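Presented below is the structure to which this report refers.
Below, chain A is the first sequence line, B the second, and so on; all start at residue 1. Please read these numbers as outputs of a predicted model, since none were measured by experiment. The figures here come from the full heavy-atom set of this structure, side chains too, leaving out hydrogens, waters and symmetry mates.
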Amino acid sequence: MGEVMNFFVTDYRYPHSPDQECAVLEDSIMQKGRPATAGSKILSDFISPIDATVVKKLEAAGVVILGKTTMDEFGATGLFIDPDAKTDRLERGIGAGNPKNRDREQNNGSEEPEIGANEQQFGTPCAATLNGAVSAVAEEIATFALCNDYTGMTAGLAAEQGLVCIRPTYGTVSRFGLIPAVPSMDQIGVVSKTIDAGFAALSVIAGYDAKDGAMFNTPGENSDTKIRLNPDHTYAKKLRIGVPVNVTGKSEDMAAINDFVKDFNIVQFELKHFEVYAQIMQILCCAELANCISRYDGIKFGYRAEGYADLRELYTLTRTGALGPDVKLAALLGAAVLSQGNYLLYYDKAMRIRRLIMESLDFSEYDMIILPAGSAYGTGIETESGTGFETACSAEKSGDRLSKPAPLALNALPRLCGLPAVTFSHNGGAITLTANQKCENILFTALKAEKTL
Amino acid sequence: MQDITQLETMAMLDLPQNERNLLERRINALMASFSPLRDVDAEGVEPLTSALDLKNVMREDTAIKSISRDEILANAPAQHDGFFQVPGTLG
């Protein structure tokens with residue numbers, strides 16, 4: 001039970017019967033009457049007044065929602081992970097090795113839930129990998145977990161644990177009731193033990209919802225955001241898999257790719273602008289996140305600092321005291337790239353390159369694209385040399401880029417282009433398979449066929 | 001070099017000096033790492049704001065049930081007579 005409680009932000013409900021399907025929700029997804037903190041102290045007192053659309057869909061399908069699982073604050077840590085950080089898996093805190101987890105075990109039974117990374121000091125391991133969604137599925141507490149993985153960190157962690165992480169086409173799953181972080185990339189996905197369980201869960205939560213203004217189709221015009229799955233094994237053999245020649249990942253991941261693609265028709269191509277993927281992600285995500293978290297000011301909901309003299313001080317004391325280091329960095333970087341003088345150079349340019357990236361894809365040449373999964377190499381730990389948050393894609397390290405790209409770069413493509421993607425482990429490595437928008441069935445077919453070919 | 005105090009003002013933060021120094025270093029390193037963007041020719045390319053071709057979604061102009069005032073105020077750090085309570089904003 002102590003282990004189980006580590007994954008949960010708050011109360012934990014047992015299923016009524018062992019036959020019931022159980023799910024957990026990342027703590028950015030609202031369930032009426034339960035806390036929704038997005039891993040942040042600034043939402044520590046927030047009780048959700050609504051059910052997210054995905055919650056309603058799960059409940060209608062008879063799925064028991066066990067509880068809300070821990071996450072890194074607003075999912076922002078993945079923006080600043082440094083692949084060169086010299087930390088091992090235990091230090092990074094996967095599973096029981098996490099110092100935060102140990103603290104939780106010691107404090108187990110205390111009334112105050114531990115929330116977010118906010119109380120962390122700079123220079124200590126982030127709670128980045130304290131990912132309750134992945135842990136709860138890995139420990140078979142839940143059949144699946146729902147999460148908004150806009151950096152791809154959850155997907156990488158899931159694959160490391162032998163799990164499957166499915167990210168649907170942008171606009172397939174309603175985000176009503178999801179605490180927004182990066183609206184142009186926010187999309188609720190599924191972590192599960194198997195391909196079948198993941199896609200089954202996705203089928204339950206997908207579908208048009210008028211409450212989300214960015215759904216794939218508006219009503220009336222091919223209004224079908226449902227996932228249709230019909231694996232055709234004869235078709236699978238004809239599938240063409242695009243292998244980017246200019247992308248390299250960890251050696252075990254590349255070996256896994258080489259093994260996986262041998263059953264498919266291989267099409268080699270160059271992933272244009274891959275060298276700036278991580279920077280584009282950091283600019284766009286920080287700009288959007290900075291805007292989204294501007295609503296946390298201590299007035300309408302969440303934490304409010306004490307000891308303020310006026311309204312301005314209420315805002316600054318509240319935000320300074322309650323936002324964690326990664327989110328502060330994102331807020332400042334977002335302000336920087338959006339500010340007058342920088343806007344055209346960075347934010348506008350990043351949006352233009354985003355279009356170039358999207359238009360450079362040619363799904364008439366290949367049906368899928370395979371990439372090494374961007375698993376978490378490090379935690380963004382501050383080191384004496386100051387490499388912590390400065391990412392492997394910094395200009396100074398450009399010579400090393402091809403050999404060790406930032407996880408953020410490897411995870412960027414489906415997020416920038418709104419593509420469906422499945423991240424999974426294969427032969428000791430971790431792979432992401434992505435396809436054109438609304439082509440979840442191709443991914444499902446390929447993955448099912450791969451097991452049987 | 002970015003003026004960290006100006007960014008703090010925009011982000012409504014007032015960092016302690018040790019955090020300020022650290023974050024200033026990181027911001028500047030990150031901004032420096034963005035320089036390869038300049039090498040990408042994106043002249044005349046329309047900025048892409050969303051991966052979807054979004055259109056305004058209108059609904060009928062009819063009243064719908066929403067969250068009640070009490071439910072909204074229940075999450076407020078301070079409230080008074082059915083309103084959010086804030087410090088005085090006029091001199």
#### Entry: Backbone N/O of B:A42 and side chain of A:R352: donor-acceptor pair under 3.5 Å
yes
Measuring heavy-atom distances to chain A, does [X] have an atom under 4.5 Å in its side chain, in its backbone, in both, or in neither?
X     : result
B:R38 : both
B:Q79 : neither
B:Q2  : side chain
B:D53 : neither
B:L37 : both
B:T9  : both

### Message
Measuring from atom CG of B:D14 to atom OG1 of A:T318, what distance do you get when rounded to the nearest 0.5 angstrom?
### Response
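Between atom CG of B:D14 and atom OG1 of A:T318 there are 12.0 Å.
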### Query
Rounded to the nearest 0.5 Å, what separation is found between the CD atom of A:Q279 and the CG atom of B:L30?
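The CG atom of B:L30 is 9.5 Å from CD of A:Q279, to the nearest 0.5 Å.
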Check whether [X] gets within reach of chain B through its side chain, its backbone, both or neither, counting any heavy atom under 4.5 Å.
X      : result
A:L314 : side chain
A:D297 : neither
A:Y347 : neither

### Message
Are there over 12 heavy-atom neighbours, none belonging to B:F84, within less than 6.0 Å of that residue's CZ?
### Response
yes
## Note on the structure
Contact list (residues 412-419 of chain A to chain B, heavy-atom gap under 4.5 Å, by number) returns A:L416, A:C417, A:G418
### Query
Any side-chain heavy atom of A:M351 within less than 4.5 Å of one from B:V45?
no
#### Entry: Contacts of A:D212 that satisfy side-chain hydrogen bond (donor to acceptor under 3.5 Å, both in side chains) - sequence neighbours left out
A:R175
